[in-house]
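Accompanying notes for the structure given below.
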Amino acid sequence: MNNALANPNVDLSDLAIKAGLADYSPVRGCMVIKPYGYAIWELIQKELDARIKECGHENAYFPLFIPQSFINKEEDHIEGFAPECAVVTHAGGEKLEEPLVVRPTSETIIYHMFSKWIQSWRDLPYSVNQWANVVRWEMRTRMFLRTTEFLWQEGHTAHESAENADREARRMLDVYYDFMSKVLALAPLVGEKTDSERFAGAHKTYSLEVLLRDGKILQAGTSHHLGQGFAKAFDIQFQNKNNELEYVHLTSWGVSTRLIGAIILGHQDDKGLILPPNVAPIQAIIIPIYKNEEQKEKVHSNCQAIQNELKVLGIRSKVDFNDQITPGAKFNEWELKGVPVRIHVGPRDVDNNVVEIVRRDTLSKIKDITRLGLGEKINALLIEIQNSLYQRNLNWREENTHEVDSFDEINKVLDKKGGFLKVHWCGSQEHESKIKEQTKATIRIKPFEKIDGGGKCIVSGAPSKTRVFIGRAY
RNA sequence: CGGGAUGUGGCUCAGCUUGGUAGAGCGUCCGCUUUGGGAGCGGAAGGUCGGAGGUUCGAAUCCUCUCAUCCCGACCA
């Protein structure tokens with residue numbers, strides 16, 4: 001398949017608005033998430049929250065406001081975040097003694113509390129997760145991909161040793177992969193960020209990178225091994241088994257409403273959204289078709305019966321009773337909204353005790369499906385669609401990942417089809433920024449396992465131990 | 001924050017050059033006929049032209065400022 005859209009940059013917000021996910025708001029860079037879009041977020045929360053709790057992490061809530069001095073405590077952190085902070089200077093009609101930063105992320109205030117709560121090796125590992133909104137005053141915003149305010153989940157853990165912290169960061173990365181592959185039907189590429197792409201204040205940043213239908217790449221989630229930098233800045237010490245004071249080793253990890261952008265851009269086709277069944281607010285839409293009142297009554301009660309049957313099996317479904325528009329208009333509308341399965345019920349179907357089914361991902365239509373056991377059939381179909389969307393995204397990524405060995409070829413390949421390029425890189429930051437300047441591609445990740453060791457850096461020809469993955473990202 | 005573009009009924013846009021007090025299509029509402037891939041006809045409602053100033057007898061139109069959105073850069077989940 002070729003690039004799905006001629007100009008996807010324009011189409012994302014357009015599609016999100018037309019499909020009823022979101023709308024612009026009167027506030028710069030901020031969007032309103034409408035019920036259909038928020039329902040997707042709620043499903044994301046429900047699925048991911050369960051997985052996070054399965055790891056033993058509990059939810060808590062920390063304040064929206066952070067004293068400005070907190071942000072300043074970790075050197076790299078302030079450098080990374082200060083420019084994009086919204087700051088409250090006045091409240092209650094008076095100037096505040098110390099300005100309050102609207103959280104861009106909560107490391108500082110959470111670790112301030114950690115220092116009070118963690119005293120002994122017996123307290124470790126210590127962890128907390130929060131679902132919250134954060135604000136980052138970005139220069140340029142794009143619906144779902146980069147909004148001034150966004151919703152996310154941020155988990156924070158403290159450990160006795162660097163090994164344990166790194167293991168936790170890697171575990172949560174695996175949790176994210178499991179969630180994205182099974183629930184969002186996305187197959188992100190996973191690895192470690194380079195020094196220049198690392199989170200402000202982190203020791204190591206791990207990332208999940210999704211290849212979208214337009215050939216561009218989206219960082220869909222990150223997990224950081226923070227080392228002891230924040231622990232030292234916030235004085236989080238514990239007494240170890242040898243009665244000595246030590247600083248903890250921290251991790252933090254998060255995913256945001258950007259995931260909805262990943263779902264849109266990762267699966268869409270030219271008819272609109274394609275929602276993976278596991279995050280589709282409506283998994284099956286039932287469309288009645290009739291010519292007169294008598295038929296209408298018969299068809300409607302049949303549709304209602306089907307919905308009841310689906311509900312018993314836990315399938316999220318709805319009957320489109322709207323009689324102001326024709327069935328054809330409804331077909332298009334629900335395709336735009338990405339509903340995985342459509343069930344058409346007309347007078348002929350009622351008489352023959354059958355239905356017609358259309359699946360959104362392939363647009364294939366199957367007539368005369370026997371009503372007997374319909375719920376199970378729909379269930380099986382939803383599972384098949386879910387799997388096939390994942391497989392499609394995985395294939396897309398694999399088909400669009402190429403080994404490239406000459407610098408000039410980078411632009412040629414990326415201009416034509418985008419995707420990931422596997423190139424040798426010697427590790428020099430100077431060469432990394434040369435790639436960025438001349439190709440607009442960035443090093444997305446360094447793989448965990450060395451690929452094709454012993455090559456030559458694509459920029460300088462210097463010895464390189466492994467290939468890294470580069471590409472153009474949002 | 002630099003460069004470019006745009007902003008006119010709910011939506012997409014015309015009108016602006018050459019100022020004279022707003023128009024189309026879609027949607028909405030009412031009626032009838034329709035309904036298996038975006039229905040047809042008839043009737044109706046709906047806009048102080050993004051906002052604020054200014055020029056003018058008179059501004060959607062000209063000038064200044066401002067806000068927002070989109071595209072291209074620098075920044076980022």
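Labels below follow one simple rule: chain letters A, B, ... track the order of the sequence lines, proteins then strands, and each chain is numbered from 1.
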message: The side chain of A:I289 is closest to which nucleotide in this list: B:A77, B:G36, B:G37?
response: B:G36
task: For A:P347, report the nucleic acid contact type (base, sugar-phosphate, nothing); a contact means any heavy atom under 4.0 Å.
output: base
message: Quick check on B:G73: is either OP1 or OP2 less than 4.0 Å from any side-chain nitrogen or oxygen of A:K440?
response: yes
message: Between the base of B:G37 and the side chain of A:E335, is there a donor and acceptor pair under 3.5 angstrom?
response: yes
- request: Quickly work out the A:I44 CD1 to B:A77 C1' distance and round it to whole Å.
  value: 13 Å
field: Minimum-distance nucleotide (side-chain atoms of A:E333 versus B:G36, B:G38, B:C76)
entry: B:G38
message: Can you tell me which nucleotide in B:C76, B:G37, B:C70 comes closest to the side chain of A:E84?
response: B:C76
- request: Look at the aromatic rings of A:Y176 and A:W253 and report parallel, tilted or perpendicular, splitting at 30° and 60°.
  value: perpendicular
query: With a 4.0 Å cut-off on heavy atoms, is A:G254 in touch with a base, just the backbone sugar-phosphate, or nothing at all?
result: nothing
message: Give me the distance, rounded to whole Å, that separates B:C16 from B:A60 when you measure between the P atoms they each carry.
response: 14 Å
- prompt: Which whole-number value in Å describes the distance from A:W41 CH2 to B:A77 C1'?
  reply: 10 Å
- request: Using the salt bridge (charged side-chain N to carboxylate O under 4.0 Å, His left out) rule, pick out the option among A:K446, A:R397, A:K193 that qualifies with A:E209.
  value: A:K193
- request: Tell me which nucleotide among B:C75, B:G37, B:C70 gets nearest to the side chain of A:E138.
  value: B:C75
field: CA sep, side-chain torsions, deciding dist, call: A:R444, A:T442, side chain to side chain donor-acceptor pair (under 3.5 Å)
entry: CA-CA 6 Å; A:R444 301 316 304 163; A:T442 45; 2.7 Å; yes
d(OH, A:Y24; C1', B:G10) in whole Å: 17 Å
field: Selection from B:A74, B:G37, B:A77 that lies nearest to any side-chain heavy atom of A:R140
entry: B:A74
- request: Using the C1' atom as the reference point in each nucleotide, state the distance between B:A22 and B:U61 in Å, no decimals.
  value: 12 Å
message: Can you tell me which nucleotide in B:G38, B:G37, B:G36 comes closest to the side chain of A:V358?
response: B:G37
- prompt: How close or far is atom P of B:C76 from atom CG of A:L145, stated in whole angstroms?
  reply: 16 Å
message: What is the separation between atom CE on A:M139 and atom P on B:A77, rounded to the nearest whole Å?
response: 15 Å
- line: Output row for RNA chain B, stems defined as at least 3 consecutive Watson-Crick or G-U pairs under 3.5 Å, is B:1-7 with B:67-73, B:10-13 with B:23-26, B:28-33 with B:39-44, B:50-54 with B:62-66
message: Rounded to whole Å, please give me the gap between NZ in A:K367 and P in B:G36.
response: 12 Å
query: Can you check side-chain contact (heavy atoms from CB on, under 4.5 Å) on A:M31 and A:F144, steps first, answer last?
result: CA-CA 8 Å; A:M31 64 175 173; A:F144 284 113; 3.4 Å; yes
- request: Compare side-chain N and O positions of A:Y474 against OP1 and OP2 of B:A77 and report whether any pair is under 4.0 Å apart.
  value: no
query: Considering heavy-atom distances to RNA chain B, does A:F81 or A:H344 have its closest nucleotide positioned more toward the 5' end?
result: A:H344
- prompt: Which part of the nucleic acid, if any, lies within reach of A:T147 when heavy atoms closer than 4.0 Å are counted: base, sugar-phosphate only, or nothing?
  reply: base
query: Hey, is the side chain of A:R146 poking within less than 4.0 Å of OP1 or OP2 on B:C75, counting only N and O atoms?
result: no
field: Touch class at under 4.0 angstrom, heavy-atom based, for A:E356 against every strand present
entry: base
query: What class does the angle between the rings of A:H203 and A:H225 fall in, given that below 30° is parallel, 30 to 60° is tilted and above 60° is perpendicular?
result: perpendicular
query: Do we count A:W152 as stacking onto B:A77 if the rule is ring centres under 5.5 Å and planes under 30°?
result: no
task: Would you mind classifying the nucleic acid contact of A:G261 as base, sugar-phosphate or nothing, using non-hydrogen atoms under 4.0 angstrom?
output: nothing
- request: Flag the pair A:W396 / A:H267 as yes when their ring centroid distance falls below 6.0 Å, and as no otherwise.
  value: no
message: Given B:G36, B:G37, B:C71, identify the nucleotide with an atom nearest to the side chain of A:R348.
response: B:G36
Between B:U33 (P) and A:E293 (CD): distance, integer Å: 11 Å
- request: Take the angle between the ring planes of A:F331 and A:H344 and call it parallel below 30°, perpendicular above 60°, tilted in between.
  value: parallel
message: Any donor-acceptor pair, under 3.5 Å, between the side chain of A:T326 and the base of B:A39, if you only look at N and O atoms?
response: no
query: Could you give the CE-to-P distance, from A:M31 to B:C70, as a whole number of Å?
result: 12 Å
task: Describe the nucleic acid contact of A:K436 in one word from base, sugar-phosphate, nothing, applying a heavy-atom distance below 4.0 Å.
output: sugar-phosphate
message: Measuring only the P atom in each nucleotide, how far is B:A24 from B:C70? A whole number of Å is fine.
response: 31 Å
message: I'd like the P distance from B:A14 over to B:G58, given in whole Å.
response: 29 Å
- request: Please tell me which of the listed nucleotides, B:G36, B:A77, B:G37, lies nearest to the side chain of A:D349?
  value: B:G36
message: Over 60° means perpendicular and under 30° means parallel, so tell me whether A:F81 and A:H77 are parallel, tilted or perpendicular.
response: tilted
- prompt: Does A:R136 place a side-chain N or O at less than 4.0 Å from the phosphate oxygens OP1/OP2 of B:C75?
  reply: no
query: Is it true that A:D269 and A:K271 make a salt bridge, defined as a side-chain N closer than 4.0 Å to a carboxylate O?
result: no
Base B:G36 paired with A:K330 side chain (donor-acceptor, <3.5 Å): no
- prompt: Under a 4.0 Å N-O cut-off, is there an ion pair linking A:R51 with A:E47?
  reply: yes
